[in-house]
Amino acid sequence: MRIGMIAPPGAGKGTQSALIAAHFNIPHICTGEILRDHVKRGTATGRVVSGYLDRGELVPDEVLCDTVHQALNDVIAAGGDFVLDGMPRTMDQARAIHRVSTELGMAADVVLHLKADDETVRQRMLARAAVEHRSDDTEPVIERRLALYHQMTEPILAWYAFRGILVTVDATRTAAEVGREILGVLEVLRPVIRNVPEKMRRPVDLTMLTPAMAQRG
Ligand code: ADP
């Protein structure tokens, strides 16, 4: 399985990606973690990126590419399956990943969209701030990250939907509920995806189920 993740900050991308990686026994590449790790270790890259992280800004593409390059090479060497969490965040990154991964025969099979409204993710990030002390979980930085998500990242979803590889789940529920739904849908899709060309597939929006079920009580 080659899985991409798109979600607003605080929607649970990291948690769900880790679950997917463990379940399918595939590598998990988390760009945010890789960057934070550089900051923690005080590397040259860490010194360059720490200001961007603290302000909630996107790290410049050159720095990002250099930094995740090694992780991507490791994935290629390990056979090419992955769950990619934190990238793409811009249409440029999406095009670049698509170009390179298609050349390598490793384009994503499924892109999971964890859908959550701003108020829910704000509350989660503020709650996380009390526990994890991430430098970017403060109110003004959360607002900046949300604004960047809506402006730069959200537009990519339409492209994945058009290609028929987007699966949208309601991420406002508990991590266990969201995880169960994700693993269920991925298990069902797994035998199908490699045999059905993208153009014959359709986007799946599982969030439509939530209001319908609520109405039925
Ligand atoms: P979250 O999704 O909770 O905001 P991440 O851990 O994915 O957090 O990312 C944290 C920070 O790392 C981002 O706010 C940004 O500064 C930087 N970053 C991560 N991935 C990218 C990317 N693809 N392009 C640019 N910057 C990135």
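- Considering only heavy atoms from C-beta on, His69 stays 4.5 Å or farther from Asp66 through its side chain.
- We find that Arg122 and Glu139 are not joined by a salt bridge, their nearest charged nitrogen and carboxylate oxygen being 4.0 Å or further apart.
- Between the Glu177 side chain and the Thr174 main chain, a donor and an acceptor come within less than 3.5 Å of each other.
- Distance check, rounded to the nearest 0.5 Å: CD1 of Ile20 to CD1 of Ile26 gives 7.0 Å.
- Contact record, Ala116 with Val121: CB-CG1, 3.7 Å, taken as the closest heavy-atom pair.
- Atom CD1 in Ile97 sits 5.5 Å away from atom CG in Leu84 (nearest 0.5 Å).
- Side-chain atoms of Asp205 and Thr207 include a donor-acceptor pair closer than 3.5 Å.
- Legend: residues meeting ring pair (Phe, Tyr, Trp, His ring centres under 6.0 Å) with His38, ordered by chain and number and at least two apart, are absent.
- Nearest approach of Met200 to Val196, heavy atoms of both residues: CB-CG1, 3.8 Å.
- Summarising the geometry, atom OG1 belonging to Thr31 is positioned 6.5 Å from atom NZ belonging to Lys13; distances are rounded to the nearest 0.5 Å.
- Heavy-atom minimum distance, Leu186 versus Leu112: CD1-CD1, 4.4 Å.
- Taking hydrophobic clusters as Ile, Leu, Val, Met, Phe, Trp and Tyr residues chained together by side-chain heavy-atom distances below 4.5 Å, Met106 shares a cluster with Val100.
- Note that the OG1 atom of Thr90 and the CZ atom of Arg95 stand 8.5 Å from one another [nearest 0.5 Å].
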Exercise. What's the verdict on side-chain contact (heavy atoms from CB on, under 4.5 Å) for Asp54 and Asp136, showing C-alpha distance, side-chain angles and the deciding distance?
Worked result: CA-CA 5 Å; Asp54 291 349; Asp136 56 352; over 6 Å; no
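- Closest heavy-atom contact between Gly14 and Asp85: CA-OD2, 3.4 Å.
- Taking CZ of Arg99 as the reference point, atom OG of Ser101 lies at 10.0 Å (rounded to 0.5 Å).
- Two residues are said to be in side-chain contact when any heavy atoms from C-beta on lie closer than 4.5 Å; Val59 and Leu35 meet this criterion.
- When all heavy atoms of Arg55 and Val141 are compared, the pair lying nearest together is C-CG1, 3.7 Å.
- Counting only distance, with no hydrogens or angles, the side chain of Arg41 and the backbone of Gly46 share no donor-acceptor pair below 3.5 Å.
- Cluster membership check: Ile193 shares its hydrophobic cluster with Leu206, using side-chain heavy-atom separations under 4.5 Å among Ile, Leu, Val, Met, Phe, Trp and Tyr.
- Taking the side chain as every heavy atom from C-beta outward, Tyr52 and Pro60 approach each other to under 4.5 Å.
- Other residues sharing the hydrophobic cluster of Leu58, ordered by chain and number and joined by side-chain separations under 4.5 Å: Leu148, Met152.
- Note that CZ of Arg128 is 4.0 Å distant from CG of Asp137, once rounded to the nearest 0.5 Å.
- At distances below 3.5 Å, not a single donor-acceptor pair connects side-chain atoms of Asn25 with backbone N or O atoms of Ala21.
- By the 4.0 Å N-to-carboxylate-O rule, Arg190 lies close enough to Glu187 to be salt-bridged with it.
- A donor-acceptor pair is defined here as one N or O able to donate and one able to accept, closer than 3.5 Å; such a pair exists between the side chain of Arg2 and the backbone of Ala107.
- The closest donor-acceptor contact from the side chain of Arg47 to the backbone of Gly42 lies under 3.5 Å.
- A heavy-atom distance below 4.5 Å is found between the side chains of Ile156 and Pro88.
- Taking 4.0 Å as the cut-off between side-chain N and carboxylate O, Asp109 and Arg201 do not count as a salt-bridged pair.
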For this session: Would you check, one step at a time, whether the test side-chain contact (heavy atoms from CB on, under 4.5 Å) holds for Ile142 with Leu126?
Result: CA-CA 9 Å; Ile142 288 171; Leu126 290 173; 3.8 Å; yes
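- Electrostatic pairing of Arg145 and Glu57 does not count as a salt bridge here, judged by no charged N lying under 4.0 Å from a carboxylate O.
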For this session: I would like to know whether His98 and Trp159 meet side-chain contact (heavy atoms from CB on, under 4.5 Å); could you show each step before the answer?
Result: CA-CA 11 Å; His98 187 58; Trp159 184 53; 3.6 Å; yes
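- When all heavy atoms of Tyr149 and Pro9 are compared, the closest pair comes out as CB-CD, 4.0 Å.
- Electrostatic pairing of Asp170 and Lys115 does not count as a salt bridge here, judged by no charged N lying under 4.0 Å from a carboxylate O.
- Of the N and O atoms on the side chains of Glu33 and His28, not one donor lies less than 3.5 Å from an acceptor on the other residue.
- No donor-acceptor pair under 3.5 Å is formed between the side chain of Glu198 and the backbone N or O of Ile165.
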For this session: Using the side-chain contact (heavy atoms from CB on, under 4.5 Å) rule, take Ile6 and Val111 through it: C-alpha gap first, then chi angles, then the decisive distance, then the call.
Result: CA-CA 7 Å; Ile6 302 272; Val111 173; 3.7 Å; yes
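- Grouping the Ile, Leu, Val, Met, Phe, Trp and Tyr side chains by contacts below 4.5 angstrom, directly or via other members, places Ile182 with Val167.
- Counting heavy atoms from C-beta outward, Val68 and Met87 have side chains that approach closer than 4.5 Å.
- Contact of the Arg36 side chain with the Arg134 side chain is registered, since non-hydrogen atoms from C-beta on lie closer than 4.5 Å.
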